[in-house]
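A short worksheet on the structure shown next.
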Protein chains: 2
Amino acid sequence: MAGIKDVAKAAGVSVSTVSYVLSGKRSISNKTADRVLDAVNRLNYIPDASARKMRGHLSHVIAIAPGRREVRHSSLSAYFMQTALRAKAGGYDVLLLTGEDPVDDILRVAQSNLADGVVLLDVEENDLRAARAAEYGKPCVCIGFPKDHDDCACVDVDFACMGRLAADRLRDLGHERVVLLRSVEHLSEPMSGYLNLFRDSFIAAAEDRQMVVMESELTEYRNFDANAFVSKYLIPKNGATAIVNQADPSVLNTVLGVLSVSGMDVPQYVSVLSCGTLLDSYPMSKGISEMPITPAVQCSRAMSLLLGAIEEHHDIRGEVDLSVPTFIDRGSLSRAREAQKGGCG
Amino acid sequence: MAGIKDVAKAAGVSVSTVSYVLSGKRSISNKTADRVLDAVNRLNYIPDASARKMRGHLSHVIAIAPGRREVRHSSLSAYFMQTALRAKAGGYDVLLLTGEDPVDDILRVAQSNLADGVVLLDVEENDLRAARAAEYGKPCVCIGFPKDHDDCACVDVDFACMGRLAADRLRDLGHERVVLLRSVEHLSEPMSGYLNLFRDSFIAAAEDRQMVVMESELTEYRNFDANAFVSKYLIPKNGATAIVNQADPSVLNTVLGVLSVSGMDVPQYVSVLSCGTLLDSYPMSKGISEMPITPAVQCSRAMSLLLGAIEEHHDIRGEVDLSVPTFIDRGSLSRAREAQKGGCG
DNA sequence: CATCTGCATCGAAACGTTTCGACAACACGG
DNA sequence: CCGTGTTGTCGAAACGTTTCGATGCAGATG
């Protein structure tokens, strides 16, 4: 509750002197500075945030707008936390936007100067928030890759590249028949482009390499039948020797449970590679090698771009930053078993 | 970028008239009001947030402080979103705090008037953030139940009550032998009181009712062996007829997988009741009846308390609001099977 | 000694609002 | 026609900072 005036009075100096001591923008004698700092500590003075940014100053807040309000994927909080962490490292706080109409919310906080910049999460292929970025009057970064991104920067993993890398890796291990385990997420989020981006590029690359790709059926979560999946794609003579997982960790976990019970060991009998997932925050029944999404990387890059735009006035509109996928070996990949009479059942 | 002065000029009135039209705090003739509103729309005027709260006004921001930065439980984002939703409904935005030192962060945003109030998430039994609430100078609500809560309000599910209700429900269905499936979360979060609160009250209530409670071993996630669990607690002659799950959904899912493969049907062979979890945002292989945590309820109550404190100056320090647990029937409970030669293996 | 330079400090303006007090215009009852 | 009240509007103060320009003073330079 103490203001700068109280500090000034207590230290016996003028208000401006206090301000200069605190900001270091003009030289102040040590003697005076010490008296001022003393008073600051004694009175527990913290400058008022609003008053501070009254002279054309930054609010040091960035707004973060998750997309759909139905949050089923737990990775969302990873993005929240990573964004907040990076923001804090740059001296910014993070404002969470969750209104009915996301665009309205963004407009409000951006135009009222409550926030200096905007990060969009859960960006869909046709994303209204991204399309209207020009109206915000503040720099804007998408984590994701919307079609219309003329007025914002985009940061994402290069999922097309991931598809090719996955195909390469499996082919190099001799896998010729692969099954793609897809999440039911597709049903509820048809627009979330990255899953399709990966899938298409993986299938194209695999076929280039003479591999056979099967795709699991898309069903409701609750109806997913791991037994049926295993019976259909892994047990037959010409079943797959590798699973590429694009599904929710728990779906994969169920499959692993069935494999384990049936004595179809990973990776001896079947290799598993999970792509575009985030398993390390997730208790799997078995270590699964992975080309994960990387919230830390994307958030960090997003924040660099954003802070550059805010503080150095870089124009980041239209910029696209795709990062090369990483691979984490958790031992679930090995050479394809020899073509044999297939299965154990 | 247009300011109130521009609007005033465009409408041909004084600055104060514009302000009164917008706030409705004094009567203004319709004619003038229309002209002003016209100008506001034409210029796309949005008042500057900082300037607005310069005269002793509220910032209409509440700060939300998650506890541990390692976020493995996905329910965190449910709390984020629910808090933000409720806050927005009351006209508040939400600021996400994630600094190294949570107390510092809270002090900073509270004392600088950046936020009008504070919500603490992931509150532990001995929570420093709660203990120091007096210093914030703003009202503070915990979601959780710390020991030292003299200076903040607490909102939580009544986990002791949940333990009793769970015991009652199982006993009424004739279950006399129950196994408690505990999460490994305990290992990493020894202080997170609610799991123990439930456990202790459940065990006490169950023993009161002449039930036998077994407890699964606590191991690392990756080492959790669902087969061993099933063999040890469910297959033997005197095995449990019901599982009370307190563990991570994916651990439970693994168990369900083993049960399903082994032909031990739920609920015919074994009943399952999950407590203190949040399965509906989580794709389980099978519907599991549940006494869930209820982020929406807690966040809503927390926000009511907080807004009451902020806007009506209620003193909410020391207040405790425990909500009665809810039960969701998803069909995984049935009468205990008759004592028989036990198991299928 | 007269200037100049640089340092330390101060007073006041500025930021964009809200709100208080004033006042003119008008209506109404006496 | 005078008080009294109401309505609509305005000017200016206030909020708590930052920062510009000015000033006083000490020491260096001519």
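In what follows, every chain begins at residue 1, and chains take the letters A, B, ... in the order their sequences are listed. Only a predicted model underlies this, so the values are computations on that prediction, with no experimental measurement involved.
Using a 4.5 Å heavy-atom cutoff, the side chains of A/Val61 and A/Tyr92 are not in contact. Using a 4.5 Å cut-off on side-chain heavy atoms (C-beta onward), A/Glu319 and A/Cys154 make no contact.
At a cut-off of 3.5 angstrom, the base of D/dG8 holds no donor-acceptor pair with the side chain of B/Ser27. You'll find a donor-acceptor pair under 3.5 Å spanning the side chain of B/Ser16 and the base of D/dG11, going by distance alone.
Summarising the geometry, the separation between CG on B/Asp34 and C1' on D/dG8 is reported as 15 Å, rounded to the nearest angstrom. One can place CD1 of A/Ile4 at 19 Å from P of C/dC15, the figure rounded to the nearest angstrom. One interatomic measurement links the two molecules: CD1 of A/Ile46 to C1' of D/dT17, which rounds to 15 Å at whole-angstrom precision. For the pair A/Lys9 NZ and D/dG16 P, the computed distance is 12 Å after rounding to whole Å. Rounded to an integer number of Å, the gap from NE2 of B/His57 to P of C/dT17 is 13 Å. The distance from atom OH of B/Tyr45 to atom C1' of C/dT17 is 7 Å, rounded to the nearest whole Å. At whole-Å resolution of the value, CZ in A/Arg55 and C1' in C/dT17 are 16 Å apart. Per the geometry, CZ belonging to A/Arg52 stands 17 Å off C1' belonging to C/dA14, to the nearest Å.
Counted within 6.0 Å of CZ on B/Arg317, heavy atoms from surrounding residues, nucleotides or ligands total 12 or fewer; the atom is thus considered open. Dense packing is recorded around NZ of B/Lys88, with more than 12 heavy atoms of other residues, nucleotides or ligands lying under 6.0 Å away.
Comparing D/dT17, C/dT18, D/dG8 by their nearest atom to the side chain of A/Asp48 picks out D/dT17. For A/Met54, the side-chain atoms get nearest to C/dG16 when compared with the rest of C/dT9, C/dG16, D/dG11. Checking D/dC10, C/dT9, C/dT18 against every side-chain atom of B/Val13, the shortest atom distance belongs to D/dC10.
Contact detail for B/Gly3 and B/Tyr45: the closest heavy-atom pair is C-CE1, 3.6 Å.
Put simply, A/Ser29 has a side-chain N or O that comes within less than 4.0 Å of OP1 or OP2 on C/dT9. For A/Thr17, a side-chain nitrogen or oxygen approaches OP1 or OP2 of C/dC10 to under 4.0 Å. Between B/Thr32 and the phosphate of D/dT9, there is a side-chain N or O to OP1/OP2 separation shorter than 4.0 Å.
A/Ser23 places a side-chain N or O within 3.5 Å of a backbone atom of A/Lys25 that can act as its donor or acceptor partner. The closest donor-acceptor contact from the side chain of B/Asp105 to the backbone of B/Leu97 lies at 3.5 Å or more, if one exists at all.
Here A/Phe80 and B/Phe80 bring their ring centres to under 6.0 angstrom of each other.
A/Ser23 comes within 4.0 angstrom of no nucleic acid atom, judged by non-hydrogen atoms across all strands. As judged by a 4.0 angstrom heavy-atom cut-off over every strand, A/Ser19 is placed among the base-contacting residues. Using a 4.0 Å heavy-atom distance criterion, A/Lys25 is classed as a sugar-phosphate-only contact.
Between A/Arg52 and A/Asp48 there is no salt bridge, since no side-chain nitrogen of the basic residue lies less than 4.0 Å from a carboxylate oxygen of the acidic one. A salt bridge links A/Asp93 with B/Arg108: the closest approach of a Lys/Arg side-chain nitrogen to an acidic carboxylate oxygen falls below 4.0 angstrom.
Each end of the helix from C/dC1-D/dG30 to C/dG30-D/dC1 gets its own axis from five base pairs, and the two axes differ in direction by 60°, given to 10 degrees.
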Protein and nucleotides 21-23 of chain D: nitrogen or oxygen contacts under 3.5 angstrom:
residue : atom : partner : partner atom : Å
D/dG21  : N7   : A/Arg26 : NH2          : 3.1
D/dG21  : O6   : A/Arg26 : NH1          : 2.2
D/dG21  : O6   : A/Arg26 : NH2          : 3.2
D/dA22  : N6   : A/Arg26 : NH1          : 3.4

